[in-house]
Protein chains: 2
Amino acid sequence: MTQDAILATYLLETPHSVERAVEALAGEGSTGTFVAVPGETAEIKERFRTRLHSVRELPSTDQASFPQPPNLQSTKYERAEITVAVPMEMAGSDLSTLMASILGNIFELKELSGLRLLDFDVPADFVKRCLLPQFGIEGTRKLANVHGRPLIGTIIKPSVGLSPEQTADMVRELAEAGIDFIKDDELMTSPVYSPLAKRVEAIMRVINDHADKTGKRVMYAFNISGDDIDTMLRNHDLVLNAGGTCIMLSVNHVGFAGAMYVRRHSQLPIHGHRNGWGIFTRAPMLGMEFTAYQKLWRLAGIDHLHVNGIRNKFWEPDESVVRSVKACLTPLVSDADRLFPVLSSGQWGGQAPDTYRLTQTVDVMYLAGGGIQGHPGGAGAGVRAIQQAWEAAVSGVSLDDYAAEHIELRQSIAMFDKRGKA
Amino acid sequence: MTQDAILATYLLETPHSVERAVEALAGEGSTGTFVAVPGETAEIKERFRTRLHSVRELPSTDQASFPQPPNLQSTKYERAEITVAVPMEMAGSDLSTLMASILGNIFELKELSGLRLLDFDVPADFVKRCLLPQFGIEGTRKLANVHGRPLIGTIIKPSVGLSPEQTADMVRELAEAGIDFIKDDELMTSPVYSPLAKRVEAIMRVINDHADKTGKRVMYAFNISGDDIDTMLRNHDLVLNAGGTCIMLSVNHVGFAGAMYVRRHSQLPIHGHRNGWGIFTRAPMLGMEFTAYQKLWRLAGIDHLHVNGIRNKFWEPDESVVRSVKACLTPLVSDADRLFPVLSSGQWGGQAPDTYRLTQTVDVMYLAGGGIQGHPGGAGAGVRAIQQAWEAAVSGVSLDDYAAEHIELRQSIAMFDKRGKA
């Protein structure tokens, strides 16, 4: 039965009994209306019914997560983790229909005072019909020619305001510093002061020159996000034809059908920027876990996805970042469908030991903006410091010990390390 | 200055001072990183700075809306309504860039314990460059040939499980009942038991026959939502060529670039279904107000948008529904860019007087599922009852008085009215 069903796991909260909440959720997800109507036969109801697969009651709470109307206010709100099985015959036509089922009207049910999608599973044959990452980790490593260690990358800072030539100058310095990967900021699409075509031309001249000289082709993720798909496709071609090896999309704003259209056309890995993700996750009893989110975007064919970083400058606790990395690296049906997790935000290398200890992987992109470009020895020293930090992390040597022999790491510790400064 | 800026108004909450929270928000929205970097000149900082436009302090609260880490826990969280001005030069390239700015990383700032976009305004020349509704209210009324009163519509129920022929039989009954508008359910895309092509064929045969006989062409919104734009365009053509007059999209799951691509191609009004909207709005200190949401989709070119209904079966209070209707009906730059608000959920006509009293408009689509198909006199009586309820509402006669002379309304009051039954 569950072979032909989507299994969706939710955290739910309700002023009623869990049983009644589940009934409401299952009804809205299938044939329900507020009165019985002709044509709604027992056979249809049975065949298209959302079924309760499992339920784990959790401790109740005395405060509702969503504001409650006077008639539903209570001193006790039940909580449970439930898994429902949605028949594929009903919701399995495509990713958009699947989302209408597991992420649709159910979030507006008055019977729920909290609802969060924790995870979902779809049958393997559905996964195989999806686009999935075209390059993923192995394809990206091949293009960047970086193996056995994280891709070290950076974001151009300041993120706005530089002309194409100024940006290209920075790229030259970063390329000479030995960087593997550079990305545009999410606000940098095609503004008047730096039109994408000019930026691609100026930057790719530098990257191509550097590749000709050294054999190393820096991967640059050009932000081709836009509201016009034809323009996005033309911009993809522009990047491809100029020798570029990556495009970036603000996935939430481009949206699923748009990103998937780009994916079908693309000959380059798609760097997924998740800006806006906070809306989906920051209320603990609403929206969804990153585990579910990354699965949606993986099915849609994105290759890289941002996951924040250890001791980041945002709200997210480390344990959540670690779970996100692990989610990206867990195959759906094969290793090829894994997402390349992108660590960033406040990173400078000092987080490398904990990142490695907690995730036990080097299959990450590790991005530092200020951590590289703000290094007292310049960007080259910034890149080397981060490489050194990862060497220390993987070989199990403490940063301080490794820094004794590595000046760039030593400088970055002196500059960025907050230990004992609080 | 503000002529060249996006004005975005947020409700914010912070464990710090409002001033510090605004600084964090403005910094993340422009050039910010955690250290000063070369190239970040005073001129760039000034030119691309997000500016505080106005601030209204609100009463503080003793509980944080988002969970706080131990070092930020407090007994007092400041709240304010703030408006910031984001330079168009930075974020005005297109809708996707605008969203990255006003709905991006700022939702992950640790300096905020709550953030909700209440509204935004963009310069008129930006609005005019956007797609905007192609049909809107007037174009839809013309196609449906319904003037001076709400479009009365229904959703096919049961929403899943019927074959194309069974669905067409229902459509025949509803057309004969005098319905103006019918829509697919959001879960009904192109399942194996009712492929869209077969459904369009069977339903349009009925609708075309009915139009030939009576001169009235029922508007049917076929749900062409999907994850493949080429298929969506083909399905649009299929509907158009069969004589159909409307297509429906689950806008959140198709996403902006996809919906806009369909809009550019479309020769039919786009009925926007907002399923999943609860995720964006149900936590009062997160996400956004419908006022902002409908503006985004209007700029993207959607023609109709769901707004729930008075005394709906979902969580939403009436005053929020009323604000949503009013937001859709407020022009951006002209009456032509207004959205047709779609009232639905638990509607049966009994809500018509309050709907009219609170909104003072008949420019709504008024959809009833069970309220029509569950009417004891059949669907025809269900449609007539709702028409009668709106006649009563607009002429200021009470439902009970009007029902004395109108049997279908009387029957529906007997069946659906909950007054005095609690």
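Throughout, protein chains are lettered first and strands after them, A, B, ... in sequence-line order, and every chain is numbered starting at 1.
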With a 4.5 angstrom heavy-atom cut-off, could you sort out which part of [X] is near chain B: side chain, backbone, both or neither?
X      : result
A/F256 : both
A/N308 : side chain
A/S190 : backbone
A/R264 : side chain
A/E43  : neither
A/M232 : side chain
A/M260 : side chain

Atom [atom1] in [X], atom [atom2] in [Y]: separation rounded to 0.5 Å?
X      : Y      : atom1 : atom2 : result
B/H306 : A/E108 : NE2   : CD    : 11.0 Å
A/S159 : B/M90  : OG    : CE    : 8.0 Å
A/W315 : B/F66  : CH2   : CZ    : 9.0 Å
A/E111 : B/K313 : CD    : NZ    : 9.5 Å

Determine whether A/H273 and B/N105 make a side-chain contact, defined as any pair of heavy atoms from C-beta on separated by less than 4.5 Å.
yes

Would you please classify the geometry between the A/F280 ring and the B/F280 ring as parallel, tilted or perpendicular, with 30° and 60° separating the classes?
perpendicular

If you tally heavy-atom pairs under 4.5 Å against chain A, which of B/G258, B/S96, B/P191 wins?
B/S96

Counting heavy-atom pairs closer than 4.5 Å to chain A, which one of B/L72, B/V254, B/T281 comes out on top?
B/V254

Keeping A/R282 on the side-chain end and B/F107 on the backbone end, is there a donor-acceptor pair under 3.5 Å?
yes

Spell out, as yes or no, whether a donor-acceptor pair under 3.5 Å connects the side chain of A/D94 to the backbone of B/D227.
yes

Among the options [options], pick out the one with the most heavy-atom pairs lying under 4.5 Å from chain B.
options                        : value
A/N312, A/L112, A/L117, A/D228 : A/D228
A/I229, A/L296, A/L95          : A/I229
A/S194, A/G255, A/S225, A/G226 : A/G226
A/H253, A/K110, A/M288         : A/H253

Given heavy-atom pairs under 4.5 angstrom as the criterion, report whether the side chain, backbone, both or neither of B/M285 touches chain A.
neither

